[in-house]
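One structure is given here, and the rest of the page talks about it.
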Amino acid sequence: MALLHFFFASMKQAQWFSHTLRGWFLKNGRTLPWRNNPTPYQVWVSEIMLQQTQVVTVIPYYERWIQVFPDVKSLAGAAIEDVLKLWAGLGYYRRARYLHEGAKVIVEQYCGEFPHEIRELRKIPGIGAYTAGAIASFAFKQDVPAIDGNAERVLSRFFGILGDIRGTERRVLESIASEVASFGHCSDVNQAIMDLGASLCGKSAQCAQCPLADKCYAFEHQMTESLPAPKVRIEKTDEFRVALRLISPFGKTLLAKRSKDALLGGLWEFPMVTLSRGRGKEHRDNALDLLRESRDARWRAWCHEKNLCLKEWHNTEKYISHTFTHIQMRVDLDEGLCNNEPAILPNGDYEDFRWVEYDEIGTKYPISTLMKKIMRMSVLGES
DNA sequence: CATGCGTGGGC
DNA sequence: TGCCCAAGCAT
């Protein structure tokens with residue numbers, strides 16, 4: 001019933017919406033590095049980078065990326081380490097891995113040419129419903145919808161979709177998006193929806209300047225604040241870790257490579273151990289006790305297991321707090337000198353260990369923002 | 001299908 | 001400052 005209601009109510013509106021919004025876009029659309037008659041590769045790279053990430057953040061990363069990897073073939077032939085280095089700092093590192101894998105798939109299975117069909121695009125790692133629609137409409141000029149967070153917000157407000165657009169009302173949203181798409185010029189219209197969502201129809205709407213306000217459901221009913229229905233947020237887990245800056249007799253620093261499917265997968269860091277993980281004040285208090293009492297013992301055991309012979313040792317009293325989507329992390333830093341430089345086998349969180357020059361960290365070895373913060377705490381010399 | 005996965009910017 | 005978010009996808 002709900003679907004039928006929205007379908008009939010929105011049919012007339014959809015054409016006006018498409019036409020009016022496109023008119024606004026042709027005058028007011030943003031100029032962006034990936035918008036000048038883009039190749040499918042350029043659309044792909046930009047769309048993956050833009051997932052959950054702001055345009056201003058993406059621009060410099062995109063420019064650098066296109067310089068180094070101008071096409072699918074150059075990306076497919078690259079080393080994953082170099083791919084991650086270009087991505088370092090952007091977050092959600094699995095996206096970089098999927099881009100790399102996807103490039104190989106396109107070269108090996110599609111003769112280096114992007115498939116045009118949505119169904120085929122969806123088979124490429126990291127390309128989901130939205131990105132497939134974006135590539136098909138922006139690069140191949142197909143009249144298909146591309147529903148991202150902006151489209152969810154703009155469409156749910158304009159057409160008055162009151163329920164959960166990620167749940168029960170998903171079909172309604174998709175049906176309306178298809179209706180809008182059916183009037184053509186989807187490359188423009190889809191980008192118009194995003195630009196409107198990024199400017200006038202953001203979290204707080206500026207309806208006075210909006211070309212769609214005349215027929216907008218949310219504007220008419222003063223519901224822009226409450227649409228779309230907000231996502232449920234999960235409480236963050238608190239995590240307490242200790243990192244070790246360990247220096248060998250030859251002045252090398254021990255670096256560990258995180259397992260590729262883990263948090264910050266594939267990036268390098270001072271080795272860390274997790275002391276505790278949980279939620280609530282009681283847990284946090286216990287964790288701080290644990291930190292005081294068993295921090296050194298944990299490290300001694302860790303070093304012993306790795307045949308590392310510790311010489312000097314010191315707790316820096318310094319720590320950083322770092323927030324991830326689902327984790328509130330505190331990392332304390334310990335620093336020490338050891339008498340040997342053993343080869344260390346992969347284990348647990350880490351798939352590789354290496355003794356490196358301090359100034360290679362971040363240039364030769366890709367690191368996260370968390371690791372940058374930890375390095376700033378280090379008081380030992382820089383070599 | 002609910003959950004895991006980063007970061008920098010805005011208020 | 002602390003909280004909320006911003007062009008999703010895979011499992």
Side-chain angles (χ1 to χ4, degrees), chain A residues 29-30 32-35 38 42-62 84 87-99 101-102 121-139 145-155 164-168 170 177 187 189-199 201-204 225 228 230-239 258-267 269 277 320-329 331 366-373:
Chain A
R30 294 171 292 183
L32 297 170
W34 46 85
R35 274 192 178 173
Q42 291 170 328
V43 175
W44 180 44
V45 171
S46 64
E47 290 302 337
I48 300 296
M49 286 186 171
L50 285 160
Q51 286 172 10
Q52 308 291 286
T53 309
Q54 309 258 14
V55 167
V56 285
T57 306
V58 165
I59 289 175
Y61 281 90
Y62 175 82
L84 283 172
W87 197 272
L90 252 193
Y92 288 137
Y93 295 92
R94 198 168 294 167
R95 294 182 295 173
R97 205 170 282 281
Y98 286 141
L99 271 179
E101 288 172 17
L121 286 167
R122 289 292 307 269
K123 293 180 183 170
I124 295 163
I127 297 187
Y130 163 72
T131 305
I135 295 173
S137 62
F138 302 159
I147 307 173
D148 67 336
N150 285 310
E152 289 177 0
R153 194 167 54 253
V154 171
L155 295 176
D164 179 9
I165 49 174
R166 296 162 204 89
T168 56
R170 189 71 199 178
S187 177
V189 174
N190 288 344
Q191 291 180 77
I193 293 173
M194 284 172 218
D195 278 19
L196 192 81
S199 55
C201 200
K203 189 177 169 237
S204 67
E225 291 294 323
K231 303 179 190 178
V232 276
R233 296 216 163 258
I234 338 159
E235 191 193 351
K236 288 186 189 349
T237 299
D238 292 302
E239 194 167 316
R258 299 187 56 80
S259 299
K260 65 170 183 286
D261 291 325
L263 179 72
L264 306 175
L267 302 191
E269 64 191 19
R277 204 182 142 78
I320 53 97
S321 295
H322 192 77
T323 308
F324 295 93
T325 308
H326 54 302
I327 301 170
Q328 179 62 54
M329 190 180 291
V331 183
I367 60 172
S368 65
T369 298
L370 170 65
M371 175 59 176
K372 281 186 187 162
K373 286 161 91 172

Over all strands shown, is [X] touching base, sugar-phosphate only, or nothing at heavy-atom distances under 4.0 angstrom?
{"X": "A:A129", "result": "sugar-phosphate"}
{"X": "A:L32", "result": "base"}
{"X": "A:G167", "result": "nothing"}
{"X": "A:T325", "result": "base"}

Salt bridge between A:E152 and A:R170, side-chain N to carboxylate O under 4.0 Å? yes
Gap between atoms [atom1] and [atom2], on [X] and [N] respectively (whole Å):
{"X": "A:L263", "N": "C:dA10", "atom1": "CG", "atom2": "C1'", "answer": "16 Å"}
{"X": "A:R94", "N": "C:dT11", "atom1": "CZ", "atom2": "C1'", "answer": "9 Å"}
{"X": "A:I127", "N": "C:dT11", "atom1": "CD1", "atom2": "C1'", "answer": "18 Å"}
{"X": "A:K260", "N": "C:dT11", "atom1": "NZ", "atom2": "P", "answer": "13 Å"}
{"X": "A:I124", "N": "C:dA10", "atom1": "CD1", "atom2": "P", "answer": "11 Å"}
{"X": "A:Y130", "N": "C:dA6", "atom1": "OH", "atom2": "P", "answer": "15 Å"}
{"X": "A:E235", "N": "C:dC3", "atom1": "CD", "atom2": "P", "answer": "11 Å"}
{"X": "A:K231", "N": "C:dA6", "atom1": "NZ", "atom2": "C1'", "answer": "8 Å"}

Sticking with atom P, work out how far C:dA6 lies from B:dC5, rounded to a whole angstrom. 22 Å
How far, in whole Å, is B:dG6 from C:dT11 if one measures between their P atoms? 15 Å
Is the number of heavy atoms from other residues, nucleotides or ligands under 6.0 Å of A:K236 NZ greater than 12?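 Counting neighbours around NZ of A:K236, more than 12 heavy atoms of other residues, nucleotides or ligands fall under 6.0 Å, so yes.
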Close aromatic pair by centroid cut-off 6.0 Å: A:F324 and A:H322: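 Here the rings of A:H322 and A:F324 have centres that are less than 6.0 Å from each other.
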Any residue meeting side-chain contact (heavy atoms from CB on, under 4.5 Å) with [X], in chain and number order, not counting sequence neighbours:
{"X": "A:R95", "result": "A:I48, A:Q51, A:T53, A:W87, A:L90, A:Y92"}
{"X": "A:K203", "result": "none"}
{"X": "A:A151", "result": "A:I147, A:D148, A:L155, A:I193"}

Out of C:dG8, C:dT11, C:dA6, which nucleotide sits closest to the side chain of A:Y98? C:dT11
With the side chain counted from C-beta on, respond yes when A:L263 and A:M329 share a heavy-atom pair under 4.5 Å apart, and no when they do not.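 Counting from C-beta outward, A:L263 and A:M329 do come under 4.5 Å.
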Most 5' of A:W34 and A:R122 on DNA chain C, judged by nearest nucleotide: A:W34
Within residues 43-57 of chain A, the residues having a heavy atom closer than 4.0 Å to DNA chain B are A:Q52, A:T53, A:Q54
A:Q328 and A:T323: side chain donor to acceptor below 3.5 Å: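 Yes, because at least one side-chain N or O of A:Q328 sits under 3.5 Å from a partner of the opposite role on A:T323.
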Could you give the start and end, 5' to 3', of the contact zone on DNA chain B for chain A, using atoms under 4.0 Å from its heavy atoms? B:dG4 to B:dG8
Side chain to side chain donor-acceptor pair (under 3.5 Å) involving A:K372 - partner list, sequence neighbours excluded: none
Under 3.5 Å, is there a donor-acceptor pair between the side chain of A:D195 and the main chain of A:R30? yes
